[in-house]
Amino acid sequence: RASWSRFGAGIHHIGKTGNRAAAMCDPFSEVVVKNTFICVVAREDSSSPAHERRRASSAGAAPRNTAPIGSPSPRRALQEEVQGAADAVLKAACSLAGAEMLETLLSGPDAAEAAEALADAFAGEAWKVTVHARGCRILSKLLEVGGASDAVSRLVDEVLEESGPSALIMHKFGNTVAVAMMQHGALRHKRRLMAALTCEARRLARHRHACRVVIEALGREELDGHAALVDGLTKSGGEVVKLATHCFGRHVVRKLLSVTGVAPSVLASMRRAPRRLAKDRYGATFIADLSVSAEWREEMAL
């Protein structure tokens, strides 16, 4: 076995282009690559007195309990292991195969326990998962399975604190999580989303992604702030017509017609502008999709 200079062995640097033949011919040396240099390391004679003394002292020495230099403490090693597992779960949630696996896990018999474990793993990275194309589906499934649990509630709090309700509602993927919050989230989260929708009801009703959250909120008549949201959308008759002739707003008006006690006022507002609705691309489509009386259809055809 080769020994280095600290044991008294001689090391002779030959260099990158040195003569290896001379080193290989010596039966008492070995060629070792060290930092791109080829080194000749002299073998140590096992019968030498120095070797015998070192072997005897090593055999009689007590085993050391200290960890090797640079090795982490047990607590630090456990923290690194837990962090590594959390990173693996986060990476899985953002991958195609991993997201499908997690969705299957959340649909199994141990879905509640899996939801709490995933919520703990996503802690600190909740917004990153929320705004991902596949991560938002996992977070929505978490809300469906364990929306009332403390772990999932803390995760939702983290999302709302980091982004704010309005940014979440208008995000391309975040709106999916906002819809899941309205369906399965805690009451305080629903109220917070409802308050954000009420403040900007008209603008959000025309937004490409936020209109989905507005439609979901209109179906939650039991929540505080629902009446204010409806009032903000129907207070002005002209506003209803503007929504009906908008590519995304027309879906909100269709939902308004299903809200208790709101349909008569919405239809009355639309009857005031039949020609505008009939001539508009989206207004005409909206009228064609409505299930109203024949008299109303004849009036719209004028």
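The first residue in the sequence is number 1, and the count goes up from there.
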Closest non-hydrogen atoms of H246 and G249, given as atom of the first, atom of the second and distance, are ND1-N, 3.2 Å

Between A99 and R134, the two heavy atoms sitting closest are CB-CB, 4.0 Å

Find out whether S107 and K141 are in side-chain contact, i.e. whether some heavy atom of one side chain is under 4.5 Å from a heavy atom of the other.
-> yes

**Report entry** Contact check, side chains of R250 and T285, non-hydrogen atoms, under 4.5 Å
**Finding:** yes

State, yes or no, whether a side-chain contact exists between P274 and R271 at a heavy-atom distance under 4.5 Å. no

Decide yes or no for L105 and M101: does some side-chain heavy atom of the first lie under 4.5 Å from some side-chain heavy atom of the second?
no

- Item | Residue R188 excluded, over 12 heavy atoms near CZ under 6.0 Å | yes

Residue set satisfying side chain to side chain contact (heavy atoms under 4.5 Å, CB included) with A210, at least two apart, ordered chain then number -> I169, M170, L204, H207

Interatomic distance, OG@S140 vs CD@E103, rounded to 0.5 Å, equals 9.5 Å

* Asked: Distance-only, no hydrogens or angles: does the D280 side chain make a donor-acceptor pair with backbone N or O of R276 under 3.5 Å?
  -> no

Here the pair of heavy atoms bringing A112 nearest to V145 is N-CG1, 3.9 Å

Please examine the side chains of E221 and T260, heavy atoms only from C-beta on, and report whether any two atoms are closer than 4.5 Å. yes

Open item on the list: Could you check whether E200 pairs with R206 (Lys NZ or Arg NE/NH1/NH2 to Asp/Glu carboxylate O, under 4.0 Å)?
Closed with: no

In short, M270 meets A244 closest at the heavy-atom pair CE-CB, 4.2 Å

(Q) Apply side-chain contact (heavy atoms from CB on, under 4.5 Å) to residues R272 and V241 and explain how you reach the verdict. (A) CA-CA 9 Å; R272 299 190 187 102; V241 176; over 6 Å; no

Indicate if V259 and V253 have the same hydrophobic cluster label, given that clusters are the connected sets of ILVMFWY residues with side-chain heavy-atom separations under 4.5 angstrom. yes

Worksheet item: Below 4.0 angstrom, N of the basic side chain to O of the carboxylate: do E161 and R192 qualify?
Response: yes

Between the CG atom in L197 and the CG atom in L218, the distance rounded to the nearest 0.5 Å is 8.5 Å

Nearest heavy-atom contact between E116 and S149 is OE2-CB, 4.1 Å

Rounded to the nearest 0.5 angstrom, the CZ-NZ distance for R202 and K235 is 8.0 Å

- Query: Would you say the side chain of V240 lies within less than 4.5 Å of the side chain of L233, judging by non-hydrogen atoms?
  - Reply: no

* In terms of hydrophobic clustering (I, L, V, M, F, W, Y; side-chain heavy atoms under 4.5 Å; direct or indirect links), are L187 and M181 co-clustered? -> yes

CZ of R220 to CG of L193, rounded to nearest 0.5 Å, is 12.0 Å

inquiry  = Quick check: is V252 connected to F248 through a chain of hydrophobic side chains (ILVMFWY, heavy atoms under 4.5 Å apart)?
reply    = no

So, do L106 and L142 sit near enough that their side-chain heavy atoms are less than 4.5 Å apart?
yes

Report the C-alpha distance between H171 and C136 in whole Å, list the side-chain angles of each, state the deciding distance to 0.1 Å, and finish with yes or no for side-chain contact (heavy atoms from CB on, under 4.5 Å). CA-CA 11 Å; H171 194 273; C136 65; over 6 Å; no

Check: Hey, does L139 have a side-chain heavy atom less than 4.5 Å from the side chain of L155?
Finding: yes

N/O donor-acceptor pair under 3.5 Å between D120 side chain and A117 backbone:
no

The reported gap from CD in E158 to CZ in F122 (rounded to nearest 0.5 angstrom) is 11.5 Å

Point to revise | I215 vs H251, side-chain contact (heavy atoms from CB on, under 4.5 Å): CA-CA, chis, key distance, verdict | key: CA-CA 8 Å; I215 292 171; H251 302 298; 3.8 Å; yes

Flag yes if F173 and L143 sit in one hydrophobic cluster, no otherwise; membership is Ile, Leu, Val, Met, Phe, Trp, Tyr, and two members link when side-chain heavy atoms are under 4.5 Å apart.
no

Is there a continuous path of hydrophobic side-chain contacts, each under 4.5 Å between heavy atoms, that joins Y282 to L267?
no

When rounded to the nearest 0.5 Å, the distance separating OG1 of T176 from CG of L168 is 9.5 Å

Heavy-atom closest pair (A278 atom, A284 atom, distance to 0.1 Å) is O-CB, 3.6 Å

Taking it one step at a time, do R191 and E222 satisfy salt bridge (charged side-chain N to carboxylate O under 4.0 Å, His left out)?
CA-CA 11 Å; R191 288 175 175 173; E222 73 281 359; over 6 Å; no

